[in-house]
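One structure below.
Just so you know, these numbers come straight off a predicted model, no measurement behind them.
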Amino acid sequence: IKITNSVAVDDCSVDRVPQFILAGFAETVATAESFDDCVVLCLDSSQALSFTCRSGMFYSELTEANCILNTEDRTRQSDLFVEEANDIVDYFDIDCSGSGSGSGGRG
């Protein structure tokens with residue numbers, strides 16, 4: 001899987017937003033080798049970690065504990081979706097509603 005800014009993966013869409021975080025909904029912290037690996041951990045969370053990951057944040061400058069998986073996303077919790085000025089981070093959210101080609105609303 002090679003993820004740039006927006007991509008469909010297994011009937012899910014993944015949107016990447018650099019330098020933003022979602023505060024307050026971290027369910028687990030993992031170590032990922034890359035942004036793409038962090039997204040895969042999120043996609044696999046319902047089976048591997050017993051919760052539904054709706055979004056995540058990848059801190060590329062950290063070598064461990066660099067992938068934070070959230071139970072909420074920026075659409076559902078827009079007031080807690082904030083810019084991050086101190087650390088290099090990529091926020092992403094995942095929509096697995098199954099529509100695949102739906103245009104959806106823009107944040």
Side-chain angles (χ1 to χ4, degrees):
I1 299 172
K2 178 63 178 160
I3 298 166
T4 52
N5 289 325
S6 183
V7 68
V9 180
D10 296 333
D11 294 327
C12 299
S13 63
V14 179
D15 288 321
R16 181 179 192 166
V17 185
Q19 292 312 116
F20 274 80
I21 62 168
L22 183 67
F25 296 98
E27 179 68 21
T28 194
V29 178
T31 298
E33 290 186 24
S34 67
F35 175 82
D36 292 1
D37 288 344
C38 188
V39 171
V40 170
L41 287 171
C42 188
L43 288 167
D44 289 344
S45 67
S46 59
Q47 290 183 337
L49 302 170
S50 300
F51 81 97
T52 299
C53 177
R54 298 191 184 280
S55 69
M57 296 161 300
F58 179 68
Y59 291 83
S60 60
E61 292 185 320
L62 301 178
T63 57
E64 55 186 40
N66 57 2
C67 177
I68 298 173
L69 305 179
N70 301 315
T71 55
E72 294 290 339
D73 61 37
R74 64 182 164 151
T75 303
R76 294 158 56 118
Q77 301 292 338
S78 59
D79 54 331
L80 297 173
F81 185 62
V82 295
E83 191 169 3
E84 171 58 56
N86 298 319
D87 297 312
I88 303 297
V89 62
D90 284 306
Y91 167 89
F92 63 91
D93 53 32
I94 296 177
D95 178 10
C96 294
S97 59
S99 61
S101 61
S103 57
R106 291 187 182 181

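- Separating the CG atom in Asn66 from the CG atom in Asp87 is a distance of 12.0 Å, to the nearest 0.5 Å.
- Under the side chain to side chain contact (heavy atoms under 4.5 Å, CB included) test applied with Ile94, the options Thr52, Asp73, Val39 reduce to a single match, Val39.
- Expressed to the nearest 0.5 Å, how far CZ of Phe92 lies from OG of Ser55 amounts to 7.0 Å.
- Here the CG atom belonging to Asp15 is positioned 8.5 Å from the CG atom belonging to Asp95, to the nearest 0.5 angstrom.
- Looking only at distances, a side-chain donor or acceptor of Thr31 sits under 3.5 Å from a matching main-chain atom of Ala65.
- Across Arg74, Arg16, Arg76, Arg54, a single residue satisfies side-chain hydrogen bond (donor to acceptor under 3.5 Å, both in side chains) together with Asp93, and that is Arg74.
- Follow the hydrophobic side-chain contacts under 4.5 Å out from Phe58 and you never reach Ile88; the two are in separate clusters.
- Sequence neighbours left out, the pairs with a member in residues 54-89 that pass disulfide bond (SG atoms under 2.5 Å apart) are Cys38-Cys67.
- Put simply, Phe20 and Leu80 are part of the same group of oily side chains (I, L, V, M, F, W, Y) that touch within less than 4.5 Å, one to the next.
- Hydrophobic clustering (ILVMFWY, side-chain heavy atoms < 4.5 Å, transitive): Phe25 and Val82 are in one cluster.
- Looking only at side-chain heavy atoms (C-beta outward), Asn86 and Glu84 come within less than 4.5 Å of each other.
- Residues Asn70 and Met57 are in side-chain contact: their nearest non-hydrogen atoms beyond the backbone lie under 4.5 Å apart.
- Panel note: side chain Thr28, backbone Leu69; no donor-acceptor pair is recorded below 3.5 Å.
- Cys42 contributes atom SG, which lies 11.5 Å from atom CD of Glu27 (distance to the nearest 0.5 angstrom).
- Between the Tyr91 side chain and the Phe81 main chain, no donor and acceptor come within less than 3.5 Å of each other.
- Between Glu72 and Leu22 the shortest side-chain heavy-atom distance falls below 4.5 Å.
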Point to revise | Intermediate values then yes/no, side-chain contact (heavy atoms from CB on, under 4.5 Å), Tyr59 and Ile21 | key: CA-CA 10 Å; Tyr59 291 83; Ile21 62 168; 3.6 Å; yes

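- Between the side chain of Gln19 and the main chain of Val89, a donor-acceptor pair closer than 3.5 Å is present.
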